[in-house]
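All values below were derived from every heavy atom in this structure, side-chain atoms included, with hydrogens, water molecules and symmetry-related copies excluded.
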Amino acid sequence: MAGPTIVVVEDESSLRSDMVEYLTGCGFHAIGARDGAELDRLLQSNDASIVVLDVNLPDEDGFKIAARLRDGHGAGIIMVTARSSTVDRVVGLEIGADAYLVKPVELRELEAQVKSLLRRLSERAAESAVQAAGTAAPADTVHDGIDEARWSLDPTEWSLTNPAGIRISLTSMEMKLTSLLAAQARKPATRDQISQALYNRRWNPEDRSIDTVVGRLRHKVEGAIGGPAPLKSVHGVGYVFSAPIRVTGAAQG
């Protein structure tokens, strides 16, 4: 299955194609957008883990796009621009960019920045899940006294593996959601907890974005394992992962 989704926003078609092709070869689900409007359309149907964002775009300044993304989306942001001044770099980072690359871009450096940012994002997701859940159960604790087959969540690989060994790649939002459910130790996570973990905001009853993320994760798991997913709705509360999940990897803490 494809790895985390990376959206490359670059109006220069040859550079955009080079970055998308290179990142695809590195195992990512890389897609390109030529401007902010196309990025917005892509984000409606793709849960991007990272947006690689040019500053000089024809329809909207990259700094403004970065500010919008930071306010309403959980994706990491890597700014890519010909502007090399310290002022521009500081502005980008203050707006909320996670990294800043100067053109001409060395593709191996881009790959290194993407992998480094993915690790940091997975650590943030795990920390956010623990905070939202209150206290996380130790990864090797046997819940309810039942030593049953477990699912395994690996934040370093952005993957969830079922007891039969089927590995499922996760997006940024799916990683945050699964980390929270793992920390809950088979107790329901409220919609407010999920909203805080995914978007760092209180839940609005009119906001259906949580249901969209849960639905995508459930559909992905069921498609991979060929059966019902242990991701259940709890009426009036939120959602629960009814099977135990062991967290593995370096981001476990």
**OP:** Spell out, as yes or no, whether a donor-acceptor pair under 3.5 Å connects the side chain of Asp35 to the backbone of Pro58.
**Re:** no

Subject >> Charged N-O contact under 4.0 Å between Lys220 and Glu174 >> reply: yes

Subject >> Val214 and Leu231: CA distance, side-chain angles, deciding distance, side chain to side chain contact (heavy atoms under 4.5 Å, CB included) verdict >> reply: CA-CA 8 Å; Val214 171; Leu231 178 52; 3.8 Å; yes

Subject >> salt_bridge(Arg119, Glu157) N-O dist < 4.0 Å >> reply: no

Original post:
Hey, is the main chain of Arg191 close enough, under 3.5 Å, to the side chain of Ser195 for a donor-acceptor pair?
Top reply: no

Subject >> Any donor-acceptor N/O pair, Gln113 side chain to Glu109 backbone, under 3.5 Å >> reply: no

Original post:
Got His29 and Pro4 here, is their nearest side-chain heavy-atom distance under 4.5 Å?
Top reply: no

Subject >> Trp151/Leu181 under side chain to side chain contact (heavy atoms under 4.5 Å, CB included): CA gap, chis, key distance, verdict >> reply: CA-CA 12 Å; Trp151 292 64; Leu181 297 176; over 6 Å; no

Original post:
Rounded to the nearest 0.5 Å, how far apart are CG of Leu160 and CG of Asp154?
Top reply: 10.0 Å

Original post:
Just by modelled atom types, is the Leu118 backbone N or O under 3.5 Å from a matching donor or acceptor in the Trp158 side chain?
Top reply: yes

Original post:
With the threshold set at 4.0 Å, does a side-chain nitrogen-carboxylate oxygen contact exist between Lys64 and Asp61?
Top reply: no

Original post:
Under 3.5 Å, is there a donor-acceptor pair linking the side chains of Arg208 and Thr212?
Top reply: no

**OP:** Mind listing the closest non-hydrogen atom pair of Ala75 and Ala48 along with its distance?
**Re:** CB-O, 3.5 Å

Original post:
How far does CG of Leu57 sit from CD of Glu12, to the nearest 0.5 angstrom?
Top reply: 12.0 Å

**OP:** State the CG-CG distance between Leu69 and Leu43, to the nearest 0.5 angstrom.
**Re:** 6.5 Å

Subject >> No-hydrogen, no-angle side-chain donor-acceptor test under 3.5 Å, Asp211 and Tyr239 >> reply: yes

Subject >> Leu110 and Tyr22, any side-chain heavy atoms less than 4.5 Å apart >> reply: no

Original post:
Between the side chain of Arg150 and the main-chain N/O of Pro244, is any donor-acceptor distance below 3.5 Å?
Top reply: no

Subject >> Glu60/Arg68 salt bridge by N-O under 4.0 Å criterion >> reply: yes

Subject >> Closest contact, heavy atoms only, Leu42 versus Ala33 >> reply: CD1-CB, 3.7 Å

Original post:
Where is the tightest heavy-atom contact between Ala30 and Thr24, given as atom of each residue plus distance?
Top reply: CB-OG1, 3.6 Å

**OP:** State, to 0.1 Å, how close Ala229 and Val221 come at their nearest heavy-atom pair, and which atoms those are.
**Re:** CB-CG1, 3.6 Å

Original post:
Heavy-atom distance under 4.5 Å between the side chains of Thr161 and Ile166, does that happen here?
Top reply: no

**OP:** State, with a plain yes or no, whether a side-chain heavy atom of Leu153 is found less than 4.5 Å away from one of Leu170.
**Re:** yes

Original post:
Just wondering, do Arg16 and Ser13 contact through their side chains at under 4.5 Å, heavy atoms?
Top reply: yes

Original post:
Is a donor on one side and an acceptor on the other found under 3.5 Å between the side chain of Glu106 and the backbone of Arg108?
Top reply: yes

**OP:** To the nearest 0.5 Å, tell me how far Asp47 CG sits from Met175 CE.
**Re:** 12.5 Å

Original post:
Any donor and acceptor pair, going by atom type alone, linking the side chain of Arg246 with main-chain N or O of Ser152 inside 3.5 Å?
Top reply: no

Original post:
Salt bridge or not for Asp54 and Lys103, using N-O below 4.0 Å?
Top reply: yes

Original post:
If only atom types and distance count, is the side chain of Asp192 paired as donor or acceptor with the main-chain N or O of Arg202 below 3.5 Å?
Top reply: no

Subject >> Non-hydrogen atoms of Ala182 and Val247 that approach each other most closely >> reply: CB-CG2, 4.1 Å

Original post:
Is the side chain of Ser116 donor-acceptor paired with the backbone N or O of Ala112 at a distance under 3.5 Å, no angle test?
Top reply: no

Original post:
Do Asp98 side-chain atoms and Ile77 backbone N/O form a donor-acceptor pair below 3.5 Å?
Top reply: yes

**OP:** Show your reasoning for whether side chain to side chain contact (heavy atoms under 4.5 Å, CB included) applies to Phe28 and Lys115.
**Re:** CA-CA 10 Å; Phe28 301 111; Lys115 290 180 176 178; 4.1 Å; yes

**OP:** List for me each residue that meets side-chain contact (heavy atoms from CB on, under 4.5 Å) alongside Pro188, sequence neighbours excluded, and say none if there are none.
**Re:** Val234, Val237, Val240

**OP:** Assess whether side chain to side chain contact (heavy atoms under 4.5 Å, CB included) is satisfied between Asn46 and Val7, documenting all intermediate values.
**Re:** CA-CA 9 Å; Asn46 293 272; Val7 181; 5.5 Å; no

Subject >> Leu53 and Ile78, any side-chain heavy atoms less than 4.5 Å apart >> reply: no

**OP:** Take atom NZ of Lys232 as the centre, draw a 6.0 Å sphere, and report whether it contains more than 12 heavy atoms from other residues, nucleotides or ligands.
**Re:** yes

Subject >> Glu21 atom CD: more than 12 heavy-atom contacts under 6.0 Å >> reply: no

Original post:
To the nearest 0.5 Å, what is the distance between CD1 (Ile65) and CE (Met79)?
Top reply: 8.0 Å

**OP:** To the nearest 0.5 Å, tell me how far Ile31 CD1 sits from Leu23 CG.
**Re:** 11.5 Å

**OP:** Answer yes or no: is there a side-chain heavy-atom contact under 4.5 Å between Glu10 and Met19?
**Re:** yes

Original post:
Can you find a pair of side-chain heavy atoms, one from Ile168 and one from Asn162, that are under 4.5 Å apart?
Top reply: no

